[in-house]
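Positions are given from 1, in the same order as the sequence printed here.
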Amino acid sequence: MGRCSSRPCCELSDVTTLPENRLISVQPIVDEDLAPTPPTLKRDDIISDISMFKKVDSFAAKAPKSTDLSVHNLAKYLSKASKSNLGRVRAIYYWICHHVELDLRSFLNDYKKPAAAEFTMHTKVALCYGYAELFAELCRLSHIPVKTIYGFAKGHGYNPSKPFKYTHPTNHAWNAVHVVGQWCLIDCTWGTGIVNDEGHYIREFENFYFLTDPDQLISTHFPYMEKNRKESKSWQLLQRPLTLQTFNKNVKRPIKSFKWGVELVSHKEAVIHVTFSATVFIKGTSKVLSNVSARLTDIDGKVHKQYTLVQNPEHNLFSIRVRPPTVGKFRLTILAGVDKNDMTLYAVVSYILRCRQTEQPKVYLYPKHSGVWRSRPDYHDYGFQTGVDSPMIITPQDGDLDLTIAKHKDFPVTFRVTYAESTIKDLDHYVIMENTGKSLEIRGHFPEKGFYKLQIFYKSESGAYEPMLLYLIDCTRSAMKNALPFPVMYSSAAEFHCRLLEPLMREIPEESWIKIRFQSSDIIKAVVNGRKIEKGKGDIWRAAVRTSSAGGSLRIAGTNDLKGRYWVLYEFSIVKGPNSLVLEDILTARSNSSHPPVTQRSEKSQTNVKTPKNKTRIKEKTVIIKK
């Protein structure tokens, strides 16, 4: 008894046998005084620690083979597991979940065969009913009040787009048992194992379905017995029972979302109607969510990457913004983890998206990023001022970025910028980051519309650069015309706290007069292509120089040591052609703009230049970050 390898359910030896084509309800008699009412105690009130059942579970696991021959023998043995009804119910639940071997694999394999569809559907229901009816019979023989509940369950393959109806046959059975002075809910079928995303049955004991709280089980289980809505409703064991319509609309909650206390802050219904985009909020309550991610798939199961953005606006609150690539139906699955040392993520909620309209002319991708878009939470400890990580999403005016990041101490940093859509050649030449000592001044102009990722790295004591701040640059509205790269900036400029004022473009016209202006209080001598320049008010160095013929370069160099050699700060390329006057006009316009651009280069070159002694140098800007 109880070990079925090919039959659809357990044979209840001395009670009844369930044939494959007929389902029979084994309903023990329930005292009329034990009417179904909502419980007063929560599961956590009853079970302070699951280890309290350690001895009972061990006793049930050691049931002799002779108990397999008769339900009476099994009930007699399991009733000795504890002096309390709660302990005996636990022994029954544990034994069924670990010993009954119904052939779910056979069902799942046959289910894909059209000719066997009717047989396998009956088999599936028989399997679920077999667990519930065996549990009910063992409780009855142990003199424990019990009820077998039939109804609708959102199991594997559940589709929110196809709601249950009262005219449909029920597809599942579970139990209510009266212990500790109240009715409690139990599902041995789901406590035995799961069917994964690939449709494979996995034997995996689950404590969650032992005395499950009614407000949690109603997420997936809806009682409906003998076409009696009123009586069935009472077995929800809720103060405010749900209608079938509400049950259908509500999202299916995975076990992890209840175990970790994940609150669905914004969307509690399974289907979300989307115009352009939608933002879902979830919050951890009993557990701190260490990581959250999102997966977008279409109806064919194809994963669409870089259309979701996960943020962490405040402690344990997460926002998931999704922008479907096309009109149609998609599935959004939100995954999370609670262990910082374990990168495994588990589904905590899943929605169906019905996208009515998308962004035009195209839906731009988000930059590649794993997990949550956020800066390192302890960035203040490393020298940045509090609040520099907000806002995380920055929309530059006409594609021009002008960002100030305040610091409360000086330290070496570098940056990296990436484009989401494709690779832009020499993209880092379009961004420049200058260190004034009290702040980082980041300027940039972006040659294409779309999203860019800007990361700021801090140089650790080991010499490696670690990611510290993270920004999303949104240039979808309008990109700047004639976006031109910045001059080459060397690490000496950052060390001497220089800020370039003009010119702000890498290529300058040949045989033209160019105004040079940069600011630095550290430098005491400066030259442009070897020609000395003077410092004026506000620590601003000025010069007017005439460029040579095309093909050459113009370099600004400086030193903070009267006897030291000069270090190259900035370098420009001299170009020729009929566009020289146009370039000069653009250069003048850029220099007068209130929204100048940004790019830094870390390799260092010298013009008769020597490294000053006792100076810490910033290494190359391009840094490989080990994951």
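Atom CZ of residue Arg506 and atom CG of residue Leu554 lie 13.5 Å apart, to the nearest 0.5 angstrom. Ser319 OG to Phe281 CZ: the interatomic distance, rounded to the nearest 0.5 Å, is 5.0 Å. To the nearest 0.5 Å, atoms CD1 (Ile334) and CG (Leu296) are separated by 11.0 Å. Rounded to the nearest 0.5 angstrom, Leu454 CG and Met392 CE are separated by 11.0 Å. Rounding to the nearest 0.5 Å gives a distance of 12.0 Å between CD1 of Ile272 and SG of Cys355. A distance of 11.0 Å separates CZ in Arg555 from CG in Leu569, rounded to the nearest 0.5 Å.
Inter-residue side-chain proximity for Leu403 and Ile394 is flagged as met; some heavy-atom pair is nearer than 4.5 Å. Contact check for Ser161 versus Lys329: side-chain heavy atoms found under the 4.5 Å cut-off. Between Gln455 and Thr418, every side-chain heavy-atom pair lies at or beyond the 4.5 Å cut-off.
Looking only at distances, a side-chain donor or acceptor of Thr547 sits under 3.5 Å from a matching main-chain atom of Ser512. A donor-acceptor contact shorter than 3.5 Å is absent between the side chain of Asp298 and the backbone of His304. Side chain of Asp300 to backbone of Lys302: no donor-acceptor contact under 3.5 angstrom is found. Distance alone, capped at 3.5 Å, places no donor-acceptor pair between the Ser277 side chain and the Arg323 backbone. Of the possible donor and acceptor atoms, none in the side chain of Asn560 sits under 3.5 Å from a partner among the backbone N and O of Asp522. In terms of modelled atom types and a separation under 3.5 Å, the side chain of Arg546 and the main chain of Glu511 share a donor-acceptor contact. Not one N or O on the side chain of Glu510 forms a donor-acceptor pair closer than 3.5 Å with the backbone of Ser549. Looking only at distances, no side-chain donor or acceptor of Lys287 sits under 3.5 Å from a matching main-chain atom of Gly261. With hydrogens and angles ignored, the 3.5 Å screen pairs a side-chain donor or acceptor of Ser286 with a backbone N or O of Trp260. A donor-acceptor pair is defined here as one N or O able to donate and one able to accept, closer than 3.5 Å; such a pair exists between the side chain of Ser257 and the backbone of Pro254.
The residues Lys362 and Glu421 are annotated as salt-bridged, a charged nitrogen and a carboxylate oxygen being separated by less than 4.0 angstrom. The existence of a salt bridge linking Arg376 and Glu466 is confirmed by a sub-4.0 Å separation between a basic side-chain nitrogen and an acidic carboxylate oxygen. Salt-bridge formation is not detected for the pair Glu502/Arg542: no Lys NZ or Arg NE/NH1/NH2 atom is positioned less than 4.0 Å from an Asp or Glu carboxylate oxygen.
Minimum interatomic distance between Phe446 and Cys475 (heavy atoms only, all atoms of both residues): CD1-SG, 3.7 Å. Contact between Thr285 and Asn316 at its shortest, heavy atoms only, is N-ND2, 4.1 Å. Across every non-hydrogen atom of Ile473 and Pro396, the tightest pair is CG2-CG, 3.5 Å. Residues Tyr452 and Pro367 approach most closely at C-CG, 3.8 Å, considering heavy atoms. Among all heavy-atom pairs drawn from Gly538 and Gln519, the shortest one is O-NE2, 2.8 Å. Closest non-hydrogen pair, Ile533 versus Ala543, comes out as CG2-CB, 3.1 Å.
The side-chain hydrogen bond (donor to acceptor under 3.5 Å, both in side chains) test with Ser350 is passed by exactly one of Arg295, Lys252, Arg331, Arg253: Arg331. If you run side-chain hydrogen bond (donor to acceptor under 3.5 Å, both in side chains) between Tyr366 and each of Gln306, Lys305, Arg321, only Arg321 comes through. Test Phe415, Tyr465, Tyr382 against Tyr458 for ring pair (Phe, Tyr, Trp, His ring centres under 6.0 Å) and you get one pass: Tyr382.
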Inset, instruction - Would you check, one step at a time, whether the test side-chain contact (heavy atoms from CB on, under 4.5 Å) holds for Tyr351 with Val349? - result: CA-CA 7 Å; Tyr351 297 96; Val349 65; 3.7 Å; yes

Legend entry - Working for side chain to side chain donor-acceptor pair (under 3.5 Å), residues Arg374 and Asn312: CA-CA 6 Å; Arg374 60 184 168 192; Asn312 185 198; 2.8 Å; yes

Inset, instruction - Would you sort out whether Glu448 and Ile424 count as a side-chain contact (heavy atoms from CB on, under 4.5 Å), showing the intermediate values? - result: CA-CA 9 Å; Glu448 300 288 344; Ile424 298 178; 3.8 Å; yes

Legend entry - Worked verdict on Ile282 versus Val265 for side-chain contact (heavy atoms from CB on, under 4.5 Å): CA-CA 5 Å; Ile282 66 169; Val265 178; 5.6 Å; no

Inset, instruction - Check the pair Asp561, Thr559 against side chain to side chain donor-acceptor pair (under 3.5 Å), reporting the backbone distance first and the verdict last. - result: CA-CA 6 Å; Asp561 186 352; Thr559 181; 5.8 Å; no

Inset, instruction - Show the numbers, then the answer: is there a side-chain contact (heavy atoms from CB on, under 4.5 Å) between Lys283 and Leu289? - result: CA-CA 8 Å; Lys283 186 175 184 179; Leu289 304 181; over 6 Å; no

Inset, instruction - List the steps, then state whether side chain to side chain donor-acceptor pair (under 3.5 Å) holds for Asp342 with Thr344. - result: CA-CA 6 Å; Asp342 184 1; Thr344 306; 2.9 Å; yes

Inset, instruction - Please report the C-alpha distance between Thr275 and Gln357 in whole Å, then the side-chain angles of each, then the deciding distance to 0.1 Å, and finally whether the side chain to side chain donor-acceptor pair (under 3.5 Å) criterion is met. - result: CA-CA 5 Å; Thr275 301; Gln357 187 176 357; 5.5 Å; no

Inset, instruction - Decide salt bridge (Lys or Arg N to Asp or Glu O under 4.0 Å) for Glu263 and Lys268; before the verdict, give the C-alpha distance in whole Å, the side-chain angles of both, and the deciding distance to 0.1 Å. - result: CA-CA 9 Å; Glu263 178 186 352; Lys268 296 177 174 59; 5.7 Å; no

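The aromatic rings of Phe384 and Phe411 lie perpendicular to each other, with more than 60° between the two planes, well past the 30° mark. Classified by interplanar angle (parallel below 30°, tilted 30° to 60°, perpendicular above 60°), the ring pair Trp373/His369 is tilted. Under the 30°/60° scheme for interplanar angles, the aromatic rings of Phe258 and Phe208 are found to lie parallel.
Between Phe451 and Tyr364, the ring center distance fails the sub-6.0 Å criterion.
Remark: Glu534 CD is loosely packed, at most 12 non-hydrogen atoms of other residues, nucleotides or ligands lying under 6.0 Å away.
Residues meeting the side-chain hydrogen bond (donor to acceptor under 3.5 Å, both in side chains) test with Tyr570, sequence neighbours left out: Glu434.
Defined by atom type and a distance below 3.5 Å, a donor-acceptor pair is present between the side-chain atoms of Lys407 and Asn435.
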